[in-house]
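Below: one structure, written as structure tokens.
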Amino acid sequence: MAEGGRQGKDGARLAGLVLAGGRSSRFGGEKAVARLAGKPLLAWSLAALDAWCAPVAVSAAARSEAAALARSRGMAVLTDHPAHAQGPLAGVTAGLAWAAAGGLGALVTLPCDTPLVGPAEIEALIAALGAAPAAYAVSPEGPQGLCAIWRTRLAGDLAAALAGGAHPPVWDLLAKVGARAVPFEDPHPFANINRPEDLARLAAALVQNPLETP
């Protein structure tokens with residue numbers, strides 16, 4: 001992992017963030033530490049980000065299993081600002097503030113429950129960013145708003161949006177900041193794990209069509 005951040009297509013240095021702070025109520029436990037093909041879901045997302053980003057951090061509750069796993073791998077763990085409305089954008093906001101403090105120009109985010117998003121999808125997002133303030137994936141099944149790249153200058157905008165006590169829909173916030181939608185034809189990389197049966201289904205699919213695991 002390179003020190004000081006790698007560069008995007010426009011020269012902006014890139015940090016990475018895995019969002020692992022969700023409540024996982026439908027899953028019944030912390031998704032980030034659930035295993036797919038023998039590896040924690042968190043490890044899949046970290047490996048994808050590591051191909052393009054340095055440094056990489058994890059958004060998680062301070063005493064969570066995800067935080068412990070991240071620390072064991074030498075990752076920074078970021079917690080949400082207590083004044084911000086709870087939800088994934090609070091994690092993104094903490095990540096943007098962290099990346100901006102390190103002098104980095106952009107932050108790539110991945111949720112821990114889309115483990116098949118890999119370096120190729122991240123590269124496509126980086127390439128599509130252009131002059132836009134952010135860019136996010138859109139699969140045939142709809143927007144994937146947390147599979148995204150954000151300019152760190154958006155930190156203040158997101159903090160302001162969360163300061164009122166309500167968490168806005170991710171797609172609404174992306175529209176307000178002028179984010180660019182990046183279409184992907186293949187829905188497979190964006191397969192989302194919400195319930196244990198989703199994980200079992202994806203694991204069975206990987207047995208039939210194995211991928212290189214991180």
Side-chain angles (χ1 to χ4, degrees), residues 2 4-22 45 48-59 76 78-81 83-112 114 117-139 141-185 189-190 192:
R6 295 176 180 152
Q7 289 190 341
K9 302 296 184 180
D10 64 351
R13 293 190 297 153
L14 304 177
L17 180 71
V18 180
L19 297 164
S45 297
L49 289 170
D50 191 56
W52 281 100
C53 306
V56 176
V58 176
S59 168
L78 308 182
T79 56
D80 298 348
H81 193 291
H84 290 165
Q86 293 185 347
L89 290 176
V92 176
T93 304
L96 289 172
W98 164 76
L104 305 176
L107 176 75
V108 180
T109 60
L110 289 181
C112 69
T114 56
V117 174
E121 288 74 36
I122 294 173
E123 181 179 14
L125 288 170
I126 294 168
L129 179 62
Y136 64 97
V138 179
S139 78
E141 297 179 351
Q144 309 292 329
L146 298 175
C147 298
I149 178 170
W150 315 71
R151 303 280 186 192
T152 53
R153 66 174 183 262
L154 290 173
D157 297 273
L158 268 69
L162 296 171
H167 188 285
V170 175
W171 60 266
D172 187 48
L173 187 281
L174 286 165
K176 285 183 178 178
V177 302
R180 176 169 294 158
V182 184
F184 290 83
E185 294 183 0
F190 301 96
N192 186 263

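Source: prediction; values computed, not measured. Residue numbers start at 1 and run along the sequence shown.
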When you compare the side chain of P55 with that of L104, does any pair of heavy atoms fall below 4.5 Å? yes

Would you sort out whether Y136 and R180 count as a side-chain contact (heavy atoms from CB on, under 4.5 Å), showing the intermediate values? CA-CA 6 Å; Y136 64 97; R180 176 169 294 158; over 6 Å; no

List the steps, then state whether side-chain contact (heavy atoms from CB on, under 4.5 Å) holds for L49 with L110. CA-CA 8 Å; L49 289 170; L110 289 181; 3.9 Å; yes

Just how far is it from atom OG1 of T152 to atom CZ of R13, taken to the nearest 0.5 Å? 9.5 Å

For A90 versus H84, what's the shortest heavy-atom pair and its separation? CB-CB, 4.4 Å

Heavy-atom distance under 4.5 Å between the side chains of I126 and I149, does that happen here? yes

Interatomic distance, OG1@T114 vs CD@E121, rounded to 0.5 Å, equals 9.5 Å

Check whether any side-chain heavy atom of P119 sits under 4.5 Å from a side-chain heavy atom of W52, and report yes or no. yes

Can you see which heavy atom on A166 is nearest to which on A85, and at what distance? C-CB, 3.5 Å

Residue of the set V117, I122, V108, V182 for which side chain to side chain contact (heavy atoms under 4.5 Å, CB included) holds with C147: V117

L96 pairs by side chain to side chain contact (heavy atoms under 4.5 Å, CB included) with which of D157, T109, L158? L158

Evaluate the side-chain contact (heavy atoms from CB on, under 4.5 Å) criterion for residues H81 and T93: first the C-alpha distance (whole Å), next the side-chain angles of each, then the deciding distance (0.1 Å), finally the verdict. CA-CA 9 Å; H81 193 291; T93 304; over 6 Å; no

So which heavy atom on A137 is nearest to which on L125, and how close? N-CD2, 3.7 Å

Value for SG (C112) from CG (L19), rounded to nearest 0.5 Å, stands at 8.0 Å

Compare all side-chain heavy atoms of V58 with those of L17 and state whether any distance is below 4.5 angstrom. no

What's the shortest heavy-atom distance between G16 and C53, and which atoms? N-CB, 3.6 Å

Smallest heavy-atom separation, L78 atom then A94 atom, equals CD1-O, 3.9 Å

Measuring from L162:CG to L89:CG, what's the distance to the nearest 0.5 Å? 6.0 Å

Minimal heavy-atom distance between P168 and A161, with the atoms involved, is CD-O, 4.1 Å

Is the backbone N or O of A106 less than 3.5 Å from a side-chain atom of R151, with the two atoms forming a donor-acceptor pair by type? no

